[in-house]
K.L.:
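Take this structure, written in structure tokens, and hold onto it; I'll ask about it next.
The chains referred to below are lettered A, B, ... by the order of the sequence lines, with proteins before strands, and numbering in each begins at 1. We use all heavy atoms of the structure for the numbers below, so side chains are in, but hydrogens, waters and symmetry mates are not.
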There are 2 protein chains.
Amino acid sequence: MRNDQVFKALADPTRRKILRMLGRGEMSAGEIAESFPITGPSMSHHFSVLKSADLISGRRDGQQIVYSLNTTVIQDLMTVLLDTFKQEPIGEES
Amino acid sequence: MRNDQVFKALADPTRRKILRMLGRGEMSAGEIAESFPITGPSMSHHFSVLKSADLISGRRDGQQIVYSLNTTVIQDLMTVLLDTFKQEPIGEES
DNA sequence: TAGAGAGTTAGCCAATCATCTAAATGATAC
DNA sequence: GTATCATTTAGATGATTGGCTAACTCTCTA
């Protein structure tokens with residue numbers, strides 16, 4: 001896990017909102033982009049940053065790219081954060 | 001809570017290391033700075049960013065400034081992160 | 001009250017970042 | 001094949017960032 005890339009990816013509010021949207025289920029690049037006032041290429045850049053951080057994955061479905069949350073890496077992120085701040089693990093593995 | 005400031009504060013590895021050090025207990029600016037290869041003014045800048053995000057607080061003790069983790073805001077951060085990634089209805093975040 | 005120690009503030013600079021437009025790629029339909 | 005739709009890649013630009021040196025503030029002690 002590339003911590004630095006993950007935290008840098010989270011530093012942008014647009015990318016955090018993308019993650020929250022994908023938390024509800026997978027969506028195509030276009031569907032996601034509709035919710036933002038920025039251009040397609042800019043959105044594509046954000047997807048690319050999130051992919052590099054392994055926070056999301058994309059698969060092609062016809063003409064569209066469908067993105068989804070990479071929950072494994074997100075679990076790891078939580079672990080790192082808990083470690084960073086010395087909080088007690090929350091209801092961890094059984 | 002200023003989410004955007006918090007996430008931006010976390011985006012820098014030096015600042016994350018400062019937070020981990022303070023997780024073990026409060027330390028003076030000088031003690032913290034010893035662990036980094038950068039100048040005092042640059043360290044002071046990082047303390048300032050962390051203070052603006054309310055992640056740490058500093059109090060003067062004689063000639064030194066003693067910093068400590070602001071655990072309340074860190075609890076809030078955890079809540080926001082869980083909200084972001086736990087596939088629950090999304091609210092309005094920065 | 002002068003000097004030294006600990007940090008911060010001010011100002012500068014190079015690198016990175018988020019955004020844009022234009023052009024390219026990939027997939028589908030005619 | 002060619003047109004079209006969805007998305008990415010390339011290249012440019014202004015804003016932000018993290019680092020530096022110099023100068024300042026605050027506190028302590030002689």
Side-chain angles (χ1 to χ4, degrees), chain A residues 2-22 25-70 84, chain B residues 2-22 25-70 77 84 92-94:
Chain A
R2 309 298 299 269
N3 268 327
D4 202 62
Q5 279 181 269
V6 171
F7 282 107
K8 282 198 155 56
L10 290 174
D12 184 86
T14 295
R15 289 194 289 266
R16 292 197 300 278
K17 189 172 172 190
I18 292 171
L19 291 173
R20 284 198 304 282
M21 292 175 74
L22 291 177
E26 54 180 30
M27 296 176 75
S28 73
E31 281 178 314
I32 297 169
E34 282 173 13
S35 298
F36 297 86
I38 66 186
T39 62
S42 295
M43 289 303 294
S44 191
H45 162 71
H46 287 306
F47 296 141
S48 160
V49 172
L50 291 169
K51 268 193 299 187
S52 297
D54 247 352
L55 285 165
I56 67 174
S57 335
R59 64 177 162 79
R60 184 171 276 278
D61 178 18
Q63 280 171 277
Q64 319 191 101
I65 309 285
V66 177
Y67 285 108
S68 52
L69 265 193
N70 186 340
T84 296
Chain B
R2 314 292 288 261
N3 270 326
D4 201 63
Q5 279 180 268
V6 170
F7 282 107
K8 281 195 155 59
L10 290 174
D12 184 86
T14 296
R15 289 194 289 266
R16 290 198 301 277
K17 186 172 173 190
I18 293 170
L19 291 173
R20 282 198 303 278
M21 293 175 73
L22 291 177
E26 54 180 33
M27 296 175 76
S28 73
E31 282 177 311
I32 297 170
E34 283 173 14
S35 298
F36 298 85
I38 64 186
T39 61
S42 294
M43 288 303 294
S44 193
H45 160 72
H46 287 305
F47 296 143
S48 160
V49 171
L50 290 169
K51 269 194 297 186
S52 296
D54 248 355
L55 285 166
I56 67 175
S57 337
R59 65 180 159 78
R60 185 172 276 278
D61 177 19
Q63 280 170 278
Q64 320 191 103
I65 309 286
V66 176
Y67 286 108
S68 51
L69 265 193
N70 185 340
L77 167 66
T84 296
E92 201 57 36
E93 195 222 335
S94 66

K.L.:
In this structure, how many angstroms lie between the P atom of D:dC5 and the CD atom of A:Glu34, rounded?
P.N.:
15 Å
K.L.:
Kindly say whether, by distance alone, the side chain of B:Gln63 makes a donor-acceptor pair under 3.5 Å with the base of D:dC28?
P.N.:
no
K.L.:
Establish, with yes or no, whether the OP1 or OP2 oxygen of D:dG18 is under 4.0 angstrom from a side-chain nitrogen or oxygen of B:Arg15.
P.N.:
yes
K.L.:
Between A:Glu26 and A:Ser68, what is the shortest heavy-atom contact and its length?
P.N.:
CB-CB, 3.9 Å
K.L.:
Check the distance between C:dA6's C1' and B:Phe47's CZ and give it to me in whole angstrom.
P.N.:
12 Å
K.L.:
Between the main-chain N or O of B:Asp61 and the side-chain N or O of B:Gln64, is there a donor-acceptor pair closer than 3.5 Å?
P.N.:
no
K.L.:
Where the side chain of A:Ile38 is concerned, which of C:dA18, C:dC20, D:dT27 is the nearest nucleotide?
P.N.:
C:dC20
K.L.:
At under 4.0 Å between heavy atoms, what does B:Gly40 touch on the DNA or RNA strands: base, sugar-phosphate, or nothing?
P.N.:
base
K.L.:
Please report, rounded to the nearest Å, how far the C1' atom of D:dT7 is from the CD1 atom of A:Ile32.
P.N.:
12 Å
K.L.:
Ignoring hydrogens, what is the shortest heavy-atom contact between A:Val6 and A:Ala53? Give both atom names and the distance.
P.N.:
CG2-O, 3.7 Å
K.L.:
What closest approach, in Å, do B:Pro13 and A:Asp4 show between heavy atoms, and which atom pair accounts for it?
P.N.:
CD-OD1, 3.4 Å
K.L.:
May I have the distance from A:Phe36 (atom CZ) to C:dT19 (atom P), rounded to whole angstrom?
P.N.:
10 Å
K.L.:
Think B:Ser28 has a side-chain N or O under 4.0 angstrom from the OP1 or OP2 of C:dG7?
P.N.:
yes
K.L.:
How long is the line joining CG of A:Asp4 and P of D:dT17, in whole Å?
P.N.:
15 Å
K.L.:
Reckon A:Ser44 has a side-chain N or O less than 4.0 Å from the OP1 or OP2 of D:dT7?
P.N.:
no
K.L.:
Determine whether A:Met43 and A:Ile18 make a side-chain contact, defined as any pair of heavy atoms from C-beta on separated by less than 4.5 Å.
P.N.:
yes
K.L.:
Is B:His46 close enough to D:dT17 that one of its side-chain N or O atoms is under 4.0 Å from OP1 or OP2 there?
P.N.:
no
K.L.:
Between D:dG11 atom C1' and A:His45 atom NE2, what is the distance in whole Å?
P.N.:
14 Å
K.L.:
Want to settle it: does A:Pro37 or A:Asp61 sit nearer the 5' end of DNA chain C, counting the closest nucleotide to each?
P.N.:
A:Pro37
K.L.:
Hey, does the side chain of A:Ser42 come within less than 4.0 Å of C:dA18's phosphate (OP1/OP2), counting only N and O?
P.N.:
no
K.L.:
Taking CZ from B:Phe7 and P from D:dT17, how many angstroms apart are they, rounded to a whole number?
P.N.:
16 Å
K.L.:
Whether A:Tyr67 contacts D:dA6 is assessed here as follows: a side-chain N or O lying under 4.0 Å from the phosphate OP1 or OP2. Is that the case?
P.N.:
no
K.L.:
In this structure, how many angstroms lie between the P atom of D:dG18 and the CG atom of B:Leu50, rounded?
P.N.:
10 Å
K.L.:
Could you please name the option among C:dC20, D:dT7, C:dA6 that lies closest to any side-chain atom of B:Gln64?
P.N.:
C:dA6
